[in-house]
2 protein chains.
Amino acid sequence: MPVKIIIYEDNTTLRESLSSLLSLAGDYQLLASYADCRQVAEQVTAADPDVILMDIDMPEVNGIEAVRKIRQFNRKVQIIMLTVFDDNTHVFDAMYAGANGYLLKKYVSDKLIDAIREVLEGGAPMSPTIARMVISNLQQPSPKVSENDYQLTGREKETLQSLAKGNSFKMIAAELGISIDTVRTHIKRIYDKLHVRSQIEAVSKAINEKLV
Amino acid sequence: MPVKIIIYEDNTTLRESLSSLLSLAGDYQLLASYADCRQVAEQVTAADPDVILMDIDMPEVNGIEAVRKIRQFNRKVQIIMLTVFDDNTHVFDAMYAGANGYLLKKYVSDKLIDAIREVLEGGAPMSPTIARMVISNLQQPSPKVSENDYQLTGREKETLQSLAKGNSFKMIAAELGISIDTVRTHIKRIYDKLHVRSQIEAVSKAINEKLV
DNA sequence: TATGCAATCCCCTGATTGCGGTATGGCAAA
DNA sequence: TTTGCCATACCGCAATCAGGGGATTGCATA
């Protein structure tokens, strides 16, 4: 059974070369190709493709918006973005919207067939620079650690964590097996160290700076 | 100039087959291969390789810990993890520690040479399932929105937001330009709607469910 | 026009919190 | 052994908060 594909791409030349790439490779059935995404929901519902090749920069409705729409009713179809944009915003918006792969147009002729195969096998085909962007995004959140170190002691951290769960002093005392007065003492020290003067300030600071 | 490589892998058989894979491919210079990471800092500093192939499950010092150590003094060397682990924890810990690629051992014989080339070109070679894990990690934070709708009115949302910043009732009143009693009224309604009974509970619920 | 709802303000009572102390036992480093 | 730090506990007071009322205005909608 051939793989059913739909293409969204406003550039006619590129649309045609994608189409011939697919027919040369064999085993692919191009159900349709469209120059815009205005009817994307209806078209995808009707055709029920296995894979969608989606340009980003299109008139009327852009490709990322289209992905969002598709994902509202179909989480199964595999969507590969085909685009010239390799900036953070476009890549992450597309991934966030629910794209499964992200191929830069300069690699299309070499990698398209591989990418389609890979996405059907449960992978996430990405051009090299895109992959690097995605993983360096994961690596961002590290360089804090040393900076926001308020020198909280073990018990103080536990107290703060319990507080952040929404517990009152009484409940914290019960949870940690200590008296409510000890909780008060810990809390006082925490306030000093975090430079705050109320529960909410402490909790919002703790959450925002990932101390909990 | 050949690409300089170091291997860390405790399994002797695999270490030798990696070594022969590299020599067959040509243009690679295997500087050294080690069965453990105890001396990783010294070894990497001395040899100054272009690429490191790193196993995860090794005695004494595991591969992820080793990556962390290397990254403390060298951000340039490209590190590819070679492992059997395809679970979330290992993958994200490794990426987070500073790995540039993540190749499952079952793909090594097919993909190793490609992966080395790709990582040197600024890419992030990953086995298909790994790539999918990484991008689905980006996609997590969406599917709520409709569920946690507590029907807060506009003013109630503003009040909650102000509260979550760490403001007291008095400060909220000042910020919203209303009396403290009105703030009280809003807060009471918020508690009803969120099914909570204190500031912290409300704030931690609001932050955790992304209402703010 | 009546009804509903958001937004505003007020009062009261009891509970909780914020903040200033003080104090003791344990443990580790100097 | 003295000093410092942590964890524990208690006291007291002023401020704030929680929760129960009730009330008015304005706007939209039935």
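The figures that follow rest on heavy atoms only: side chains count, while hydrogens, waters and symmetry mates do not. Each chain gets a letter, A, B and so on, in the order the sequences are listed, and its residues count up from 1.
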salt_bridge([X], [Y]) N-O dist < 4.0 Å:
| X | Y | result |
| --- | --- | --- |
| B:K165 | B:E175 | yes |
| B:R15 | B:D55 | no |
| A:K188 | A:E156 | no |
| B:R132 | A:E121 | no |
| B:D192 | B:R189 | no |

Requested in this report: Extract, from 5' to 3' on DNA chain D, the first and final nucleotides lying under 4.0 angstrom from some heavy atom of chain A.
Outcome: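 The contact span of chain A on DNA chain D goes from D:dC6 to D:dG12.
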Query raised in the report: Rounded to the nearest 0.5 Å, what separation is found between the CG atom of A:L103 and the CG atom of A:L53?
Result: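 The distance works out to 9.0 Å.
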**Report entry** Closest approach of B:G98 to B:V67 (non-hydrogen atoms, all atoms of both residues)
**Finding:**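 Between these two residues, the closest heavy atoms are C-CG1, 3.8 Å.
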Report task. Kindly give the heavy-atom pair with the smallest separation between A:P125 and A:I80, and that separation in Å. Result ->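 What the structure gives for the nearest pair is CG-CD1, 4.4 Å.
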Requested in this report: For DNA chain C, note the earliest and the latest nucleotide, 5' to 3', having some atom under 4.0 Å of a heavy atom belonging to chain B.
Outcome: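 For DNA chain C, the relevant span reads C:dA6 to C:dC10.
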Report task. Five pairs at each end of the helix from C:dT1-D:dA30 to C:dA30-D:dT1: take the axis at both ends and give me the angle between them to 10°. Result ->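 Answer for the end axes of this duplex: 40°.
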Report task. Go through the structure and list residues passing salt bridge (Lys or Arg N to Asp or Glu O under 4.0 Å) with B:K106, not counting sequence neighbours. Result ->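 Residues passing salt bridge (Lys or Arg N to Asp or Glu O under 4.0 Å) with B:K106: none at all.
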Requested in this report: Determine which pairs satisfy ring pair (Phe, Tyr, Trp, His ring centres under 6.0 Å) with at least one residue from residues 41-87 of chain B, sequence neighbours left out, and list them in order.
Outcome: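 Matches after skipping sequence neighbours: B:F85-B:H90.
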Report task. Give, ordered by number, those residues of residues 173-192 of chain B having at least one heavy-atom distance below 4.0 Å to an atom of DNA chain D; if nothing qualifies, reply none. Result ->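 Hits under 4.0 Å, by residue number: B:R184, B:K188, B:Y191.
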Query raised in the report: Out of A:L104, A:V91, A:V134, which residue meets the side-chain contact (heavy atoms from CB on, under 4.5 Å) rule with A:T129?
Result: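 Only match with A:T129 under side-chain contact (heavy atoms from CB on, under 4.5 Å): A:L104.
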Requested in this report: Test A:D50 against A:Q78 for side chain to side chain donor-acceptor pair (under 3.5 Å), laying out the working first.
Outcome: CA-CA 6 Å; A:D50 301 307; A:Q78 300 296 312; over 6 Å; no
